[in-house]
Number of protein chains: 2
Amino acid sequence: MGRVKLKIKRLENTSGRQVTYSKRRAGILKKAKELSILCDIDIVLLMFSPTGKPTLCLGERRYHPFHPPLSS
Amino acid sequence: MGRVKLKIKRLENTSGRQVTYSKRRAGILKKAKELSILCDIDIVLLMFSPTGKPTLCLGERRYHPFHPPLSS
DNA sequence: AGTACTATCGTTAGTGA
DNA sequence: CTCACTAACGATAGTAC
């Protein structure tokens, strides 16, 4: 996406990695939340920034102990 | 995306939830892999399908014990 | 269940402040 | 670094098989 195609390989520029991380982290967190709501599923997403800062996403599903599969 | 806008709320149709889950699971797994490679980070993604089947993604980063932040 | 197609919407790379 | 903008690329809803 964006203005040009981006090859999927490690970004060599440090600040570039951080900027790309910030943008894509927001995108994937949104995707995870959408998926958990749309499909009513449990999801866990844990990631560490290029500087080591962790982000944890636990989805939006209301809690069900022992994660029983849906019957409906 | 897709042909029409989709409201982000629980899909009431069971098979629709499963189809949407399959498509979006593929999308988010690709995003997670791309993010881990581009930004050279650790990422963990765990999710359960509407029928309870788990999927685990551990990212593509080469292993670093104790997850040291990048120095460069 | 899974694959293929594709119009349409969503994400984001590059840019500037 | 963070925010806003937007052209252009990417993901996906609906469909057909």
Side-chain angles (χ1 to χ4, degrees), chain A residues 1-62 64 66-72, chain B residues 1-62 64 66-72:
Chain A
M1 318 150 201
R3 301 297 179 81
V4 297
K5 288 182 191 176
L6 186 62
K7 284 188 181 179
I8 301 301
K9 61 170 298 188
R10 182 178 187 275
L11 296 168
E12 292 306 324
N13 182 278
T14 300
S15 62
R17 273 203 306 283
Q18 293 174 341
V19 170
T20 293
Y21 178 80
S22 292
K23 290 184 176 185
R24 282 179 172 252
R25 179 187 59 181
I28 201 168
L29 286 173
K30 184 180 178 185
K31 291 281 186 189
K33 185 191 294 187
E34 288 181 352
L35 184 56
S36 73
I37 295 173
L38 285 169
C39 301
D40 195 27
I41 61 154
D42 287 317
I43 187 166
V44 178
L45 177 58
L46 171 65
M47 54 200 190
F48 295 87
S49 80
T51 58
K53 181 185 175 187
T55 297
L56 177 64
C57 170
L58 288 175
E60 294 287 316
R61 193 186 187 209
R62 58 202 172 287
H64 293 290
F66 310 121
H67 184 70
L70 297 173
S71 57
S72 57
Chain B
M1 320 154 204
R3 301 298 180 80
V4 298
K5 289 183 191 175
L6 187 63
K7 284 188 180 179
I8 302 301
K9 60 170 297 189
R10 183 179 187 274
L11 296 168
E12 292 305 326
N13 182 276
T14 300
S15 63
R17 274 202 305 279
Q18 293 173 341
V19 169
T20 292
Y21 178 79
S22 292
K23 290 184 174 185
R24 282 178 172 252
R25 179 187 60 181
I28 201 169
L29 284 172
K30 185 180 179 187
K31 291 279 187 188
K33 186 191 292 187
E34 288 181 353
L35 184 57
S36 72
I37 295 173
L38 285 169
C39 302
D40 195 26
I41 60 154
D42 287 317
I43 186 166
V44 178
L45 177 59
L46 171 64
M47 54 200 188
F48 295 88
S49 80
T51 58
K53 182 184 174 186
T55 297
L56 177 64
C57 171
L58 288 174
E60 295 288 315
R61 192 186 189 210
R62 58 201 172 288
H64 293 291
F66 310 121
H67 184 70
L70 297 174
S71 56
S72 57

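Quick note on labels: first sequence line is chain A, next is B, and so on, each numbered from 1.
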Residue [X], side-chain atoms from C-beta onward, closest of [options]:
X: B:Lys31; options: C:dG14, C:dT11, D:dG14; value: C:dT11
X: B:Ser22; options: C:dG10, C:dG2, D:dA13; value: C:dG2
X: A:Met1; options: D:dG14, C:dT11, C:dA13; value: C:dT11

Round to a whole Å and report the spacing from [atom1] of [X] to [atom2] of [N].
X: B:Gln18; N: D:dG14; atom1: CD; atom2: P; value: 16 Å
X: B:Leu6; N: D:dT12; atom1: CG; atom2: C1'; value: 10 Å
X: A:Arg3; N: D:dA7; atom1: CZ; atom2: P; value: 7 Å
X: B:Arg17; N: D:dA13; atom1: CZ; atom2: P; value: 15 Å
X: B:Glu34; N: C:dT11; atom1: CD; atom2: P; value: 14 Å
X: A:Asn13; N: C:dA13; atom1: CG; atom2: P; value: 14 Å
X: B:Arg25; N: C:dT3; atom1: CZ; atom2: P; value: 10 Å
X: B:Ile28; N: D:dG10; atom1: CD1; atom2: P; value: 18 Å

Discussion item. I'd like to know if the side chain of B:Arg17 and the backbone of B:Leu11 have a donor-acceptor N/O pair within less than 3.5 Å.
Written reply: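 Checking the backbone N and O of B:Leu11 against the side chain of B:Arg17, a donor-acceptor pair under 3.5 Å is found.
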Worksheet item: Reckon A:Lys5 has a side-chain N or O less than 4.0 Å from the OP1 or OP2 of C:dA13?
Response: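 For C:dA13, neither OP1 nor OP2 has a side-chain N or O of A:Lys5 closer than 4.0 Å.
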Inter-residue atom distance [X].[atom1] - [Y].[atom2], 0.5 Å rounding:
X: B:Phe48; Y: A:Asp42; atom1: CZ; atom2: CG; result: 6.5 Å
X: A:Arg24; Y: B:Ser36; atom1: CZ; atom2: OG; result: 10.5 Å
X: A:Glu34; Y: B:Ile28; atom1: CD; atom2: CD1; result: 9.0 Å
X: A:Gln18; Y: A:Lys23; atom1: CD; atom2: NZ; result: 13.5 Å

Discussion item. Taking the nucleotide of DNA chain C with the nearest heavy atom to each, does B:Leu38 or B:Val4 sit closer to the 5' end?
Written reply: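 Of the two residues, B:Val4 wins.
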Worksheet item: Start at the 5' end of DNA chain C and walk down; is the nucleotide closest to B:Ser15 or to A:Gly2 reached first?
Response: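 The answer here is B:Ser15.
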Discussion item. At less than 3.5 Å, do the side-chain atoms of B:Lys23 and the base atoms of D:dA13 form a donor-acceptor pair?
Written reply: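 Counting by modelled atom types and ignoring angles, a donor-acceptor contact under 3.5 Å is found here.
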